[in-house]
Peer 1: 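Right, I'll just put the structure down here and ask away after.
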Amino acid sequence: MSVYRGPERLTNESYMPQASPVRLFKQRLEGRIETHWHEFFEMGFVVGGSGTHVLNGVPMRLSRGDLFLLTPADFHSLEPDSGGTLELYDLIFNDQFIRDPLLELLFDRGTHRTACYDREETEAAEREFELIWKESADWQAGSGMLVQGSVERLLIQLSRRSREAGDEYASSGGQAVNQPIQPSVRKALIYIQHHFRDTITLEDAAGSCGLSPNYFSECFRKGTGVTFQTYVQELRMQFAKSLLKSTRLPVTEICFASGFNTLPHFERAFKRRFGASPREHRKQ
DNA sequence: TCGCCCATATGGATTCCGAA
DNA sequence: TTCGGAATCCATATGGGCGA
């Protein structure tokens, strides 16, 4: 049994010790936040300053009005511009906080969940965050529903905007997005996207949508065009590739962090997929 | 110590088919 | 539409070795 030792992993116990499934922070960054990931979801909204956000190894500029959502499957780092600061709202919540229809809305089309709001949208989003902030500071009867409503409005708006802007990012796992996917399989896709770094079996995925393993395997292939095993492997490969590109972690650690259990298997699979070993790929 | 490669056994995934 | 049984396939784990 290997013990994972990768970039910092922020746990529910450390950051969400209270009974509430959601927490909001106001952050003013003056230095770099190193690469890390979480057991919870994180929604960031920039209200001032500028900097760089490296999401899954892909750098992007951040300035006022930018909003991003990270799942437990994503990793990132943040850095304000030299000599400057980056001010943002940082909302964290666990998966129980999002209702199933919203989960499907957010995660049934790939993994690109960022948006750059115009002035009007920015002001509207700021009002939502301000409401959450005030309710959190003075929790009373009805606060839970108000916060839930604000967060859901923010997520729906993000989903709509990232759909418009990020269609080219869809289907990163190879799914046939133009073909209607059975709702139960779509539910399993979300489950897989959030658990592919762990030891996940066909039975687990089938169980997440209430189907038998055999039948799920058939439905999955019909709906996505690839087998369950191929889909999980591709997610792991892309994750490992991003880690190689954006961190200095040893290949061994990246192997385990990506959900592979043995190094030889990881190296062989990586070379077969990308035409170069992990080390060669990093050099390139 | 780390990264890479090879051979082999094994267990899980896939597929097909009949039944409810 | 969904399930379970059975046969087959193949990804994975394991152990060992080599070079930098």
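In what follows, every chain begins at residue 1, and chains take the letters A, B, ... in the order their sequences are listed.
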Peer 1: Are the aromatic rings of A:Phe75 and A:Phe239 close, with centres under 6.0 Å apart?
Peer 2: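 Under 6.0 Å, so yes.
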
Peer 1: Apply side chain to side chain donor-acceptor pair (under 3.5 Å) to A:Tyr117 and list each qualifying residue two or more places apart in sequence or on a separate chain.
Peer 2: none

Peer 1: Of all heavy-atom pairs between A:Phe216 and A:Ala188, which one has the smallest distance, and what is that distance?
Peer 2: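 Reported closest heavy-atom pair: CE1-CB, 3.4 Å.
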
Peer 1: Looking at every heavy atom in both A:Leu24 and A:Trp133, which two are closest together, and how far apart are they?
Peer 2: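 So the two residues come closest at O-CZ3, 3.5 Å.
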
Peer 1: Taking the six-membered ring for Trp, are A:Phe93 and A:Phe97 parallel (under 30°), tilted (30 to 60°) or perpendicular (over 60°)?
Peer 2: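 Judged by the thresholds at 30° and 60°, the geometry between A:Phe93 and A:Phe97 is tilted.
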
Peer 1: Starting at atom CG of A:Asp204, determine the distance to atom C1' of B:dG11, rounded to an integer number of angstrom.
Peer 2: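 To the nearest whole Å, that distance equals 15 Å.
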
Peer 1: Extract, from 5' to 3' on DNA chain C, the first and final nucleotides lying under 4.0 angstrom from some heavy atom of chain A.
Peer 2: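 Counting from the 5' end, contacts occupy C:dT1 to C:dG15.
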
Peer 1: Can you give one letter per nucleotide of nucleotides 13-19 of chain B, going 5' to 3': B for a protein heavy atom under 4.0 Å from the base, S for sugar-phosphate only, - for none?
Peer 2: SBBBB--

Peer 1: How is the hydrophobic cluster of A:Leu131 composed, in terms of its other members, when Ile, Leu, Val, Met, Phe, Trp and Tyr link through side-chain heavy atoms under 4.5 Å apart, directly or indirectly?
Peer 2: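 Traced through the cluster, A:Leu131 reaches A:Leu146.
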
Peer 1: Given axes from five pairs at either end, by how many degrees does the helix from B:dT1-C:dA20 to B:dA20-C:dT1 bend, rounded to 10°?
Peer 2: 40°

Peer 1: So which atom in A:Val251 and which in A:Pro278 form the shortest heavy-atom distance, rounded to 0.1 Å?
Peer 2: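 Where A:Val251 meets A:Pro278 most closely, the heavy atoms are CG1-CB, 3.7 Å.
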
Peer 1: More than 12 foreign heavy atoms under 6.0 Å from CD of A:Glu120: is that the case here?
Peer 2: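 Atom CD in A:Glu120 is not crowded, with 12 or fewer foreign heavy atoms closer than 6.0 Å.
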
Peer 1: Let me have the donor-acceptor pairs involving side chains of residues 42-55 of chain A, under 3.5 Å, with sequence neighbours excluded, atom names and distances please.
Peer 2:
from: A:Glu42; atom 1: OE1; to: A:His38; atom 2: NE2; distance (Å): 2.6
from: A:Glu42; atom 1: OE1; to: A:His76; atom 2: NE2; distance (Å): 3.3
from: A:Ser50; atom 1: OG; to: A:Asp81; atom 2: OD2; distance (Å): 2.6
from: A:Thr52; atom 1: OG1; to: A:Arg61; atom 2: NH1; distance (Å): 3.4
from: A:His53; atom 1: NE2; to: A:His76; atom 2: ND1; distance (Å): 2.9

Peer 1: Evaluate whether atom NZ of A:Lys26 has more than 12 neighbouring non-hydrogen atoms of other residues, nucleotides or ligands under 6.0 angstrom away.
Peer 2: yes

